[in-house]
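What follows is a single structure, written as structure tokens, with notes after it.
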Amino acid sequence: MNEERFDTPVVAHPGTDEEMDALWADPPGFIGKLKAVQNDAIGRRLILTGFFFLLLGGSVDSLVMRLQLAVPENDLVNPQLYNELFTNHGSVTMFLVILPIFEGFAILMLPLILGSREMPFPRLGAFAYFTFLLGGLLYYSATLFSFVPDAGWFAYTPLSGPEFAPDLAIDFWVLGLGVAEVGAIAAGIEIIIGVLKTRAPGMTLSRMPLFAWALLVTAFMILFAFTPLIVGSALLELDRGFGTQFFNPDAGGSSLLWQHLFWIFGHPEVYIQFLPATGIVSMIIPTFLRKRMVGHTWIIGSMVAIGFLSFGLWAHHMFTVGLSPVVGSFFAGASMVIAIPAGVQIFAWLATIWAGRPVWKTPFLFVVGFLALFVLGGITGVMVASVPFDLQAHDSYFVVAHLHYVLIGGVGFPIFAGVYYWLPKVVGYTLNETLGKWNFWLLFIGVNVTFFPMHMVGLMGMPRRVYTYPEGLGWDTYNLISTFGVFIIIAGVGTFVANLIYSHVKKVPAGHNPWGGATLEWATPSPPLQHTWTVPPIVRSRYPLWDQDDLYSGGPRDEKLVRALGQWPLKWRAALVTGTADGRPEEIFRVANPSIWPFVAALGTVMIFAAELLKLRIGALAGMAVVIFGAVMWNWPEKAAITEEEEQEFEKAHGIPVRVGGSLAVARWGMGLIVLFVSVAFTSFLLAYFYLRLENPVWPPPGIPEPPVLATMSGVLLFTVAAGAFDRGLRSIRRGESGGLAKWTSVALLFGLGGVLAQVLYMVGLDFDSQTHAYGSIFHAIGWFSVAVGVGALIMGGLALYWTRRGEYTERRHVPIDNISLFWACAGIIWVIGFGVLTFAPYLT
Amino acid sequence: MSEDRTPLYTRWPVVFLAGPVVWYLFFWIAYLIAEAGCAPGVEPFEIFGWSGVSFLTVALTAAAVGLIAWFFVVAYRQTKSTSLMDVSEDPDDFRSTFLALGTGLAVLFIAASLFVGLPALVLAPC
């Protein structure tokens, strides 16, 4: 081990560098910016846009709220405006700030840290950014129309329902944030595949840096958490715009169903924010302590444990709704247990700090601040995990104190740490150290002055979300101190902005490795090349720059491969796919070029949501058409950059396949995750069905007959035959029989169309509607969702047939058929279970 | 690769995630039983003189603990060293790393199962 040597291995090969940079650069001009897919561009945009929303909703709103609460019986703002302020503050920080910033960090830094050239689906990253931006703007446009949401960031029904919120404010909330949620899921899919499949040769899972681990767990959590929220939001919008009764107790619905769906997202959401922060902390500590992380492996285990446990905690936000004692104890128990893996992480970090030699630079200061603040917040978290205590503290300022300590301390401070740590790499110059220290101390003091008194005033009984309070309750001084603290925070944030401007003007060069870091990103130039790595590195250690004499020595095959990749290809964008666990090179694939279609698809997405806002159903259909068209064009096969013979020549020389038509491994993972997303959405619908069933002793309600088995299941039979036929088509092309593929795809489309038509006729002919009772609402919801999935399968099948007839597929090149077959299988299963539940559940339950 | 011939339940990805996955399945089943058992219009039922919901919760807890403990043994027998710290810190052998993690996660999720399930012994179910 040689931790003192921070020489940067030479990575630049001048001639090839220039050609590759030109190849990988995004196009110039305004249209070029819309077509941009390069990870630097997308990552920066996500981070900057997140900060922009922070200044809007995280800062101005909170300042006004604190000014209002500075003295008792204040009238700076009225109650309605106060409701809008705390709704906006919570919604913006929780949806439009923290997660986009971390996803931006991920897309920007992961290729550098993992030793890859790009994220695996650059166009998906671009789509994620545009949906986030447009969704946020749609949400904020509410202000222009004076329809500002005011029901809290959690929008509980019935307050957010059609009866008590008849205007468009909540629709802006649901639909604007819904678009942003789609973007979050898209970025999550890209991060999963990037971390698992595009790493440097030799980077096994156990050598993978902890930041990558944190993002991997987080991205899976996004898929499992955001999807129920999208389903819940869809049900809320159906109640508001289409007259359904999911959340109306007077018609068989349940207000608590919304709370469950929301918090099944809402609690994992805070860990979705916390885990990337722990990843950043885990990267900074070894660098500034000059010490390998103590308990590196156990931190991985803690992250995974937190990922699972966080999905069993949600109802601790609902302890006061009347849960049964045993149900409350489930969530209390899980809420306490999660402190164990969190504690393991903290002790690992403390042990590393204890054993190392601290270098007290700004990134490390923020990490120390994080430790202090997060531990404090975590302790109060265990307190409120206890049901009896929470029954007193729920909805008091004690909880406000807790959440701000864990979110500002546990998430905000690591964000600042990450910016100070990695910004020199991204822009090529350092941030000023003196201003950085002022930034830290002002924030640290400000956060404590603002939020510590809230523990006391909360225990004294001050409730949350009140726009004022009477004199003489003993709350006055604490509130005044909290308000004073906000100005210290503002000074801290202002210092940060000043530092950015000052450093940008001064531009003190950072060099390759200003901190002496050990991980791969510090081996690249600052700022990095467009293609990140000319010659992919070979990794033989968790701390390659500390342990390895150079980055290109390894097994003879790997050495030969990476050197070859440094010279070829130079006419198309090539990246390496490696084994999920062992980091062994598996294939070379062609990375997607810049494209306008992700932007078009994002526009179509926001068109759907905006049209629904205006109740323009035809606009929603038009938006759907735009999305489908954009997605088809996005994935339209491009002319192969090389012939099959050239592919085979490379394969013979290096032993791994070249797939210019798309990576088999990456595409399979992508479709697998889309199938997972659809499955989680479907499961959310099923859970809503059974929850409503439990709330209604008579099911179906009087006057609605039990579903006829034959009519419901005949379409299902046709569709499952179709799925089987598509699978036969896949087997044909695997034998090289494109005629067989065409035949079986045609059969699949015929039976599939028959099945969809049969189910559509059945659903349209139902003698009960979706608006009278929750039974009808959920029946129609599940039925039409299943039909939509079936239509999606038909569209993919139709495209497959079209490309088959054009001769696109061969025995060697048929990746899309593999993927479409997987989707068909998923659709078939959804049809069987979905229509099966609708048909048989009334009889069986 | 020798790993391909080993039974599925002994492979490191399964062993690594067994604890959390079994716990999560147990959590959901127990929760759904408790919700269903306490739903309006559902008659309380008893099993061996206990409240049905409490009995089933405790039984599921025992089953979850037992299953996770079994995976712990499967993982532990495959770790190459008696010192989990040595094994876990060897990044060149990722299989042993994740087997060792599997033992740790199994212990944690046994505790999590007990935290979640044992209160049913003393609390009123509905």
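Only heavy atoms go into these numbers, but all of them, side chains included; no hydrogens, no water, no symmetry mates. Computed from a prediction, not measured in an experiment: that's the story for all the values here. Chain identifiers are assigned alphabetically (A, B, ...) following the order of the sequence lines, protein sequences preceding nucleic acid strands; residue numbering begins at 1 within each chain.
Contacts between B/Y31 and chain A at a heavy-atom distance below 4.5 Å involve backbone atoms as well as side-chain atoms. Only the side chain of B/V53 has a heavy atom closer than 4.5 Å to any heavy atom of chain A. With a 4.5 Å cut-off on non-hydrogen atoms, A/I340 touches chain B through its side chain but not through its backbone. Interface remark: A/F311 contributes backbone and side-chain atoms alike to the contact with chain B (heavy atom separation under 4.5 Å). Interface remark: A/I338 contributes no atoms to any contact with chain B (heavy atom separation under 4.5 Å). Of the two parts of B/T57, only the side chain, counted from C-beta on, holds a non-hydrogen atom closer than 4.5 Å to a non-hydrogen atom of chain A. With a 4.5 angstrom heavy-atom cutoff, B/L17 touches chain A only via side-chain atoms.
With chain A as the partner, the residue from B/P119, B/A120, B/A124 showing the most heavy-atom pairs under 4.5 Å is B/A124. If you tally non-hydrogen atom pairs under 4.5 Å between each of B/P125, B/A112, B/P40, B/G117 and chain A, the highest count goes to B/P125. Taking chain A as the reference chain and counting heavy-atom pairs below 4.5 Å, the highest number among B/A34, B/A39, B/G41, B/P20 is found for B/P20. By number of non-hydrogen pairs under 4.5 angstrom with chain A, the leading residue of B/A30, B/C38, B/S113 is B/A30.
For the residue pair A/K197 / A/T580, a side-chain donor-acceptor distance below 3.5 Å is found, with atom types taken as modelled. For the 3.5 Å distance criterion, the side chains of A/R542 and A/T297 qualify, holding a donor opposite an acceptor.
A/R693 places a side-chain N or O within 3.5 Å of a backbone atom of A/N696 that can act as its donor or acceptor partner. A distance-only check finds no donor-acceptor pair linking the side chain of A/Q548 to the backbone of A/V539 [under 3.5 Å].
B/W28 and A/W314 have their aromatic ring centers within a separation under 6.0 angstrom. A centroid separation of 6.0 Å or more is found between the aromatic rings of A/F319 and A/F331. Between A/F308 and B/W23, the gap from one ring centroid to the other reaches at least 6.0 Å.
Atom CZ of A/F347 has 12 or fewer heavy atoms from other residues, nucleotides or ligands within 6.0 Å.
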